[in-house]
Amino acid sequence: MNNIKISTLNKAIFEQIDLPDNAVVADLGCKDAGFLVGLQQAFHDKIQKAIGVDITDKWFKDVKYKKPIKLKVMDCSKKLKFPDNSFDFVFSADMFECVSDKELLVSEIHRILKPGGTVICVNCDWESIAYNGENKALISKALHAYAVTKQPWMDDLDSWIGRRMYGIFNKSKLFESSVSVHNVVETEYKDGFLGFDFSKDIAWLFEENTGALSKEEYDEFIKNLELAQENGSYIFSKPYYIYKGIRI
Ligand SMILES: C[S@@+](CC[C@H](N)C(=O)[O-])C[C@H]1O[C@@H](n2cnc3c(N)ncnc32)[C@H](O)[C@@H]1O
């Protein structure tokens, strides 16, 4: 969540957050704590404690975080190592799809939230990402291959996780549920932009010999995006589903 362009998404999320005084907040799957740093800036007078957890600490050293943010290694696919009723707000972005027992995670979020507390889970709907470019079949192939190919660190993968989040929480009957969608749209293919960075992530498919996309196909895919940038037709669009639940 550190990309400059993602700040519009953070703004859409922050508008949905109403923290009590001395709030205790958690980010599950926090990576480099970019969201918590932004939250702390937006609600600095309200937050007493902010805890970010991730299955690995490999990104923690890159973080410019400070008190009251604390980071811990924790596997969110298991019972969460937090006491009952301990948080006013629990956040998670693009982590749910990596966990196979989603019902356990939903019930764990309910357990660690205080009654009336809020959970917000933000998930990209990977199969709904769009680039514009000349070669429709190839661009669709690259996007689909990335959406459905499981990376080694993932316990599970669901390329439709964005549209599924509402149902996953709502059917538990543990939350009052609502959902909205924030679409990040870019018209420039440049370093530092979400669509540019994402196109580089797709290289993983041939670098790791997944068989899902060849180097030739990847190079052609990148050429299509560069050409679209040159002729003024480049578009990148990424929809984030924002699930909001109030703990019953
Ligand atoms: C796609 S990244 C999203 C990171 C961050 N939430 C963001 O939006 O920028 C997914 C994160 O979830 C973490 N993760 C995956 N499985 C996890 C698990 N079982 N428990 C905790 N974290 C996990 C990964 O290490 C990674 O940091």
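Since this is a predicted model, take the numbers as computed values, not measurements. We count ligands from 1, going down the list as the structure has it; atoms in each ligand are counted the same way.
Counting atoms of ligand 1 from 1 in the listed order, those under 4.0 Å from a heavy atom of K31 are 4 (C), 5 (C), 27 (O). Against a heavy-atom cut-off of under 4.0 Å, S77 is close to the following atoms of ligand 1: 19 (N). Close approach of ligand 1 to C98 (heavy-atom distance below 4.0 Å) involves ligand atoms 15 (C), 16 (N). Less than 4.0 angstrom separates some heavy atom of C76 from each of these atoms of ligand 1: 18 (C), 19 (N), 20 (N), 21 (C). Close approach of ligand 1 to A93 is summarised as follows: ligand atoms under 4.0 Å from at least one heavy atom of the residue are 3 (C), 5 (C), 6 (N), 8 (O). Remark: ligand 1 atoms within the under-4.0 Å shell around heavy atoms of G29 are 4 (C), 5 (C), 6 (N), 11 (C), 12 (O), 22 (N). The distance from ligand 1 to the heavy atoms of M74 drops below 4.0 Å at these ligand atoms: 20 (N), 21 (C).
Below 3.5 Å of separation, one finds no N or O of D94 facing any N or O of ligand 1. Backbone and side-chain nitrogen or oxygen atoms of C30 are examined, and none is located within less than 3.5 angstrom of a nitrogen or oxygen of ligand 1. Checked by distance only, ligand 1 and T56 stay at 3.5 Å or farther apart across all their nitrogen or oxygen atoms. Checked against a 3.5 angstrom limit, the closest N/O atoms of V99 and ligand 1 fall outside it. Close N/O approach between V53 and ligand 1 is not found [any backbone or side-chain N/O within under 3.5 Å].
A donor-acceptor pair under 3.5 Å is formed between the side chain of Y131 and the backbone N or O of S199. When atom types are taken as modelled, the side chain of T149 and the backbone of Y146 share no donor-acceptor pair closer than 3.5 angstrom.
By heavy-atom distance, the residue among E97, M154, M95 lying nearest atom 12 (O) of ligand 1 is M95.
Between K215 and D219 there is a salt bridge, since a side-chain N of the basic residue sits under 4.0 Å from a carboxylate O of the acidic one. Salt bridge present: E108 and R111 bring a charged side-chain N and a carboxylate O closer than 4.0 Å. With respect to the salt-bridge test (charged N to carboxylate O, under 4.0 angstrom), the residues K150 and D156 do not qualify.
Residues passing the salt bridge (Lys or Arg N to Asp or Glu O under 4.0 Å) test with K78 are D75, sequence neighbours excluded. Under the side-chain hydrogen bond (donor to acceptor under 3.5 Å, both in side chains) criterion, N22 pairs with no residue, sequence neighbours left out.
Within the 4.0 Å heavy-atom cutoff, G34 does not count among the residues contacting ligand 1.
Of the candidates D158, N123, D125, R163 forms a side chain to side chain donor-acceptor pair (under 3.5 Å) with just one, namely D125.
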(Q) Would D54 and K31 count as a salt bridge (Lys or Arg N to Asp or Glu O under 4.0 Å) here? Give the steps. (A) CA-CA 6 Å; D54 202 284; K31 198 173 183 176; over 6 Å; no
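Residue W59 touches ligand 1 through its side chain alone, judged by heavy-atom distances below 4.0 Å.
Between the side chains of T8 and H182, at least one donor N or O sits under 3.5 Å from an acceptor N or O.
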